[in-house]
Amino acid sequence: NNEALVVDTTAPTVTGVDSTTAAGTYIEGQSISIQVTFSETVNVTGTPQLTLETGASDAVVDYASGSGSSVLTFTYTVGAGETSSDLDYASTGALALNSGTIKDVGGNNATLTLADPGAAGSLAANEALVVDTTAPTITSVTSTTNDATYNEGDEINITVTFSEAVTLAGGNLVVTLETGGVDRTVTFETITSASTASGTYTVQAGDTSSDLTVSGIALSAGSLSDAGGNA
């Protein structure tokens, strides 16, 4: 009745890691907000860090905000070459003080151990975030048309294959064929989430080639990109 004295010897613990960023695919330069939730209110000094598993080189993400609450936010900006099919932290010890502190109001140091990556309570388990900084490439230009000699009016299939599914938006993909005095083009107007695109070259008067080949591929306006937006 005479004095308000609290005895607290319980260290705050991490109850889960999540993200307020919508599930989806993110490319270089885009930001992902990551939240580490504790069992009670914590105060932060300095700049703790969270290490993410992002392929050949892990991303180290600085603490951004949340001191004085039970939720600390770390902001991750996707860097060149980083990749993840389901973003998660690197290990159970991925949360580090980095010369700072995380303590409850009584001064107990927080226990920083995280759930196993991929397990319940982990970032990957709570949010589906894909990191993709790899640009799609053309892996081949070929034809389903049989080997033979073709004359004026004959049709020859031209198939372009990409390293991953791509979408063409607001323009055309133009393949130029080496056909003698006047080169011919095959125009692709629609590619939607596909790794191959097929068009038709119709042999015209004066065309000639001892072994039909491609002399160029270009976009006629618009964009050609993968699901994440990598051109």
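This one's a predicted model, so the numbers in the text were calculated from it and none came from an experiment. By convention here, the first residue in the shown sequence is residue 1.
At distances below 3.5 Å, not a single donor-acceptor pair connects side-chain atoms of Thr101 with backbone N or O atoms of Lys103. Between the side chain of Asp104 and the main chain of Gly106, a donor-acceptor pair closer than 3.5 Å is present. Under the 3.5 Å distance criterion, the side-chain polar atoms of Ser209 are matched with a main-chain donor or acceptor of Asp211. Between the side chain of Thr161 and the backbone N or O of Thr139, no donor-acceptor pair lies under 3.5 Å. Looking at Gln35, its side chain does come within 3.5 Å of a backbone N or O of Thr20 through a donor-acceptor pair. Under a 3.5 Å cut-off, the side chain of Thr133 and the backbone N or O of Glu82 do form a donor-acceptor pair. Between the side chain of Thr187 and the main chain of Val174, no donor-acceptor pair closer than 3.5 Å is present. For Ser69 (side chain) and Leu72 (main-chain N/O), no donor-acceptor pair under 3.5 Å exists by modelled atom type. Between the side chain of Asn126 and the main chain of Val17, a donor-acceptor pair closer than 3.5 Å is present. The backbone N or O of Ser67 lies less than 3.5 Å from a partner atom in the side chain of Tyr63, making a donor-acceptor pair.
Scanning all heavy atoms of the two residues, the minimum distance from Ala64 to Thr75 falls at CB-OG1, 3.7 Å. For the residue pair Leu129 and Thr21, the shortest heavy atom distance occurs at CD2-O, 3.9 Å. Heavy atoms only, all atoms of each residue included: Thr25 and Gly228 are closest at CG2-CA, 3.4 Å. Heavy-atom minimum distance, Ser91 versus Pro117: CA-CG, 3.8 Å. Of all heavy-atom pairs spanning Ala135 and Asn230, the tightest one is CA-CB, 4.0 Å. Closest non-hydrogen pair, Pro136 versus Ser163, comes out as CA-OG, 3.4 Å.
The closest side-chain donor-acceptor pair between Thr149 and Asn151, if any, does not fall under 3.5 angstrom. Remark: the Thr77 side chain and the Ser31 side chain contain an N/O donor-acceptor pair separated by less than 3.5 Å. Defined by atom type and a distance below 3.5 Å, a donor-acceptor pair is present between the side-chain atoms of Asp207 and Tyr201. Using a 3.5 Å distance cut-off with no hydrogens or angles, the side chains of Thr202 and Gln204 do not pair a donor with an acceptor. With no hydrogens or angles considered, no side-chain donor-acceptor pair links Thr176 and Asp183 at under 3.5 Å. Looking at Ser198 and Thr159, their side chains do bring a donor and an acceptor atom within 3.5 Å of each other. Judged purely by distance below 3.5 Å, without hydrogens or angles, the side chains of Gln30 and Tyr76 never pair a donor atom with an acceptor atom.
Hydrophobic clustering (ILVMFWY, side-chain heavy atoms < 4.5 Å, transitive): Val186 and Tyr150 are in one cluster. The hydrophobic clustering, which links ILVMFWY residues whose side-chain heavy atoms are closer than 4.5 Å, places Val14 and Val71 apart. Both Phe74 and Leu97 belong to a single network of hydrophobic side chains, linked directly or stepwise wherever heavy atoms of I, L, V, M, F, W or Y lie under 4.5 Å apart. Cluster membership check: Ile158 shares its hydrophobic cluster with Val203, using side-chain heavy-atom separations under 4.5 Å among Ile, Leu, Val, Met, Phe, Trp and Tyr. Val166 and Ile217 fall within the same hydrophobic cluster, where Ile, Leu, Val, Met, Phe, Trp and Tyr residues are linked whenever their side-chain heavy atoms come under 4.5 Å apart, directly or through other members.
In this structure, the separation between CG on Leu112 and OG1 on Thr92 is 11.0 Å, given to the nearest 0.5 Å. To the nearest 0.5 Å, atoms CZ (Phe38) and OG1 (Thr111) are separated by 9.0 Å. Going from atom CG of Asn146 over to atom CD1 of Ile156 covers 11.0 Å, rounded to the nearest 0.5 Å. Note that the CG atom of Asn108 and the CG atom of Asp8 stand 5.0 Å from one another [nearest 0.5 Å]. In this structure, the separation between CD on Glu127 and CG on Asp86 is 9.5 Å, given to the nearest 0.5 Å. In this structure, Leu50 CG and Leu95 CG are separated by 6.0 Å, a value rounded to the nearest 0.5 Å.
Looking only at side-chain heavy atoms (C-beta outward), Val160 and Ile138 come within less than 4.5 Å of each other. Counting heavy atoms from C-beta on, the side chains of Thr167 and Ile191 never come closer than 4.5 Å. In this structure, the side chains of Leu123 and Ser19 come closer than 4.5 Å at one or more pairs of heavy atoms. With contacts defined as side-chain heavy-atom distances shorter than 4.5 Å, the pair Leu177/Val214 qualifies.
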task: Could you please spell out the steps behind the side chain to side chain contact (heavy atoms under 4.5 Å, CB included) verdict for Leu173 and Leu219?
output: CA-CA 5 Å; Leu173 179 66; Leu219 275 177; 4.3 Å; yes
Worked verdict on Phe162 versus Thr137 for side chain to side chain contact (heavy atoms under 4.5 Å, CB included): CA-CA 6 Å; Phe162 301 92; Thr137 60; over 6 Å; no
field: Worked check of side chain to side chain contact (heavy atoms under 4.5 Å, CB included) between Thr37 and Asp18
entry: CA-CA 8 Å; Thr37 300; Asp18 206 338; over 6 Å; no
message: What verdict does the side chain to side chain contact (heavy atoms under 4.5 Å, CB included) test give for Val105 and Asn43, after you've listed the backbone C-alpha separation in whole Å, the side-chain angles of each residue and the deciding distance to 0.1 Å?
response: CA-CA 7 Å; Val105 294; Asn43 296 312; 4.1 Å; yes
message: Between Gln49 and Asp62, is the side-chain hydrogen bond (donor to acceptor under 3.5 Å, both in side chains) condition met? List the steps.
response: CA-CA 5 Å; Gln49 294 177 323; Asp62 288 343; 2.8 Å; yes
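For the side-chain contact (heavy atoms from CB on, under 4.5 Å) test with Thr54, the passing option among Thr83, Leu87, Asp88 is Leu87; the others fail.
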